[in-house]
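Hydrogens, waters and symmetry mates are skipped; everything else that's a heavy atom, side chains included, is used. In this text the structure is predicted, and so the values were computed from the model without any measurement.
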Amino acid sequence: NYKPVADLSDFEFEDNESGVTLIKYNGDDSYLIVPSHDESGKPVTVIASEAFGSYFSSIGAPYEIILPDTLTTIEDNAFCSIAIENITIPDSVTNLGNAFYNCRNLKTLKIGAGVTELTFEFFSDMELENLIISEKNESIKTVDGLILSKDGENLKFFVTSLLPSSLVIPSSVRTVEQEFLLNSSNINIPITIDGADITFESSLTASASEVNIIDSTVTINGTSFYAKKLIVEGSKVFGNHINSQSSISIHNSTIKAPGGFSVVGGIDINGSEINGNIEAGSENEYNGLSPYSINIVDSTVTSFKLSAPKINLTSMDLSGLTVGTLDISVGGKDNPLSFEEIKLPKDVTEKFNLEIINGTKINKIYLPHYNNIFENSDMNPSLWSFYIDTGSEVKFVEIAEGYHEDPVNNGNLEVYHGVPYYVGNEYSAREAIFFVPEKGAVEPDAGEIPVYWGLDKEWEYDENGYPVKI
């Protein structure tokens, strides 16, 4: 079925320094052998751009092309938009351009020993089923759709159509040259980095994927590290900004993110150190997010901010967290939240703000003492606030040991046992005090002083007469 090599009438050539360039093929053979020499005997060393362009509209377009071993260069778009299904690049080719643009029927590509570089763009318009790189190639190899340096230490890029259903980046990889970009909704495979010490020279973006980092050290030198879901176990992760659109689980790990750590979904942190500011929740509506919880155990975080006006947060336990600044706003616009219990961090060293808003119902809040804030802030209300708006409800606030100090009067701010509380009908009412009454105190008349008088008006006191539950 192949065209005889001796019949060269359908080929046009042009001289070059090393032989001739095939500049155009005018035939319509379904199976084609490209000649190795022209009529004068000069070797065919180059296939020019669009040399086979006439096949774009040809019904008899070639499904397989056999290339000669005299070739050294195949230029960009040499086989642009043809219906080729299989092709082998000879070992003699050392310069391979983006030759197969829009060759969507190409299923099997074999690359010889001479090609030293490939690009992501080279494969961008293909839907390959098989990629074979010669074992004799000393520069590159392929594993599970990844294009790697021969020693396996440099991950250059991946071929989308060849990715497996679950991708494990080889532990031999030390660097990733280009941005590792999985940002399409149909590329939602889980990615695992296990037992590796790897540096991403640009950003790591896996917006539809779960990223698992296990017993590894991962450094992202680009602007961001973006994953739909992030799981880190026994690892060190260094990146400017880390963003998760679903949830994070970090156990026995260290994370450094100077640009911050954004999470829209659930948080599970245990035995870890986060050097960066965690911003949880979203002020924008996020559809499709399942109910989730926030739990932090035996861990430290630079600062923790929760803004949750429209997300389905069901429980929160921060009792095992040591944090510098805590800023929590609990309440869902058009979707009031309900909690049985919220446990706040065991230690907040710099600033504390808690807002219960938008009709949120909480049975119990556990409130540690945070004496170091009181001692260092001179009871500055900008460093400590607790606000409950009208329409929201907290039945009990369980106060930890450590509140048994003398009453403090700091200007217009009334503080009882070191605990200032801010409540009111709207945010502008922050001058109001959540008043913890002495035993036997009489409820003031409305309008006498701006107090929010209790929540269930059932008070319990310790043996010294201090309230222990409000």
Side-chain angles (χ1 to χ4, degrees), residues 155 169 173-183 191 193 196-214 216-284 286 289 292 294-296 299-311 313 318 321-329 345 348-353:
L155 195 168
I169 295 180
V173 174
R174 295 292 176 266
T175 60
V176 180
E177 285 186 354
Q178 302 181 27
E179 180 179 11
F180 201 80
L181 181 63
L182 292 171
N183 66 347
I191 302 168
I193 300 172
D197 185 348
I198 184 171
T199 297
F200 290 80
E201 297 297 348
S202 187
S203 300
L204 169 57
T205 302
S207 59
S209 304
E210 173 183 306
V211 177
N212 299 273
I213 301 175
I214 304 169
S216 298
T217 298
V218 176
T219 303
I220 300 97
N221 287 335
T223 56
S224 65
F225 175 12
Y226 194 103
K228 181 177 181 181
K229 180 178 181 181
L230 177 62
I231 299 173
V232 182
E233 178 72 45
S235 298
K236 297 178 180 179
V237 179
F238 308 97
N240 178 51
H241 181 79
I242 300 175
N243 188 309
S244 171
Q245 196 64 28
S246 176
S247 65
I248 61 169
S249 175
I250 301 172
H251 288 200
N252 305 312
S253 298
T254 298
I255 310 290
K256 293 186 178 180
F261 200 141
S262 301
V263 187
V264 173
I267 297 175
D268 173 23
I269 301 176
N270 194 323
S272 298
E273 179 181 356
I274 312 295
N275 294 318
N277 304 322
I278 293 181
E279 294 192 9
S282 172
E283 295 184 358
N284 299 314
Y286 181 70
L289 189 65
Y292 70 92
I294 295 176
N295 297 287
I296 302 180
S299 299
T300 61
V301 176
T302 304
S303 74
F304 183 89
K305 180 177 181 180
L306 172 65
S307 301
K310 286 193 175 183
I311 56 180
L313 176 62
L318 306 179
L321 170 64
T322 297
V323 64
T325 297
L326 185 74
D327 186 359
I328 294 178
S329 177
V348 178
T349 60
E350 298 176 13
K351 183 178 179 180
F352 173 89
N353 177 57

Taking atom OH of Tyr292 and atom CG of Asp268, what is their separation to the nearest 0.5 Å?
-> 13.5 Å
Is it true that a side-chain atom of Ser244 and a backbone atom of Lys228 form a donor plus acceptor pair closer than 3.5 Å?
-> yes
Any chance you could measure Ile169, atom CD1, to Leu155, atom CG, to the nearest 0.5 Å?
-> 6.0 Å
Looking at CG of Leu230 and OG of Ser209, how far apart are the two atoms once the value is rounded to the nearest 0.5 Å?
-> 12.0 Å
Main-chain N/O of Gly271 paired with Ser299 side-chain donor or acceptor, under 3.5 Å = yes
If you measure from CG on Asn275 to OG1 on Thr300, what distance do you get to the nearest 0.5 Å?
-> 6.5 Å
Side chain to side chain contact (heavy atoms under 4.5 Å, CB included) between Ile231 and Ile214, worked out = CA-CA 8 Å; Ile231 299 173; Ile214 304 169; over 6 Å; no
Using modelled atom types only, decide if a donor and an acceptor are shared between the side chain of Ser272 and the backbone of Asn252 within a distance under 3.5 Å.
-> yes
Stepwise side chain to side chain contact (heavy atoms under 4.5 Å, CB included) test for Thr325 and Asn353 | CA-CA 8 Å; Thr325 297; Asn353 177 57; over 6 Å; no
Kindly indicate whether the side chain of Leu318, heavy atoms from C-beta on, has any atom under 4.5 Å from the side chain of Ile328.
-> yes
On a heavy-atom basis, the closest approach of Ile267 and Ala280 is CD1-CB, 3.7 Å
Heavy-atom side-chain contact between Phe304 and Ile294 under 4.5 Å = yes
Quick one: closest heavy-atom pair of Leu321 and Pro345, and the distance?
-> O-CB, 3.3 Å
Here the pair of heavy atoms bringing Ser303 nearest to Asn277 is OG-OD1, 2.7 Å
Side chain of Ser253, backbone of Gly234: donor and acceptor closer than 3.5 Å?
-> yes
Heavy-atom side-chain contact between Glu279 and Ser307 under 4.5 Å = no
Atom CG of Asp327 and atom CD1 of Ile278: how far apart are they, to the nearest 0.5 Å?
-> 13.5 Å
Look at the side chain of His241 and the backbone N and O of Gly260, then say whether any donor-acceptor pair between them is shorter than 3.5 Å.
-> yes
How long is the gap from CD1 on Ile248 to OG on Ser262, to the nearest 0.5 Å?
-> 10.0 Å
Is there a side chain to side chain contact (heavy atoms under 4.5 Å, CB included) between Glu201 and Glu177 once you walk through the steps?
-> CA-CA 6 Å; Glu201 297 297 348; Glu177 285 186 354; 5.7 Å; no
Any side-chain heavy-atom pair of Phe225 and Ile255 under 4.5 Å | no
Give a yes or no answer on whether the side chain of Ser247 reaches the backbone of Gly266 with a donor-acceptor pair at less than 3.5 Å.
-> no
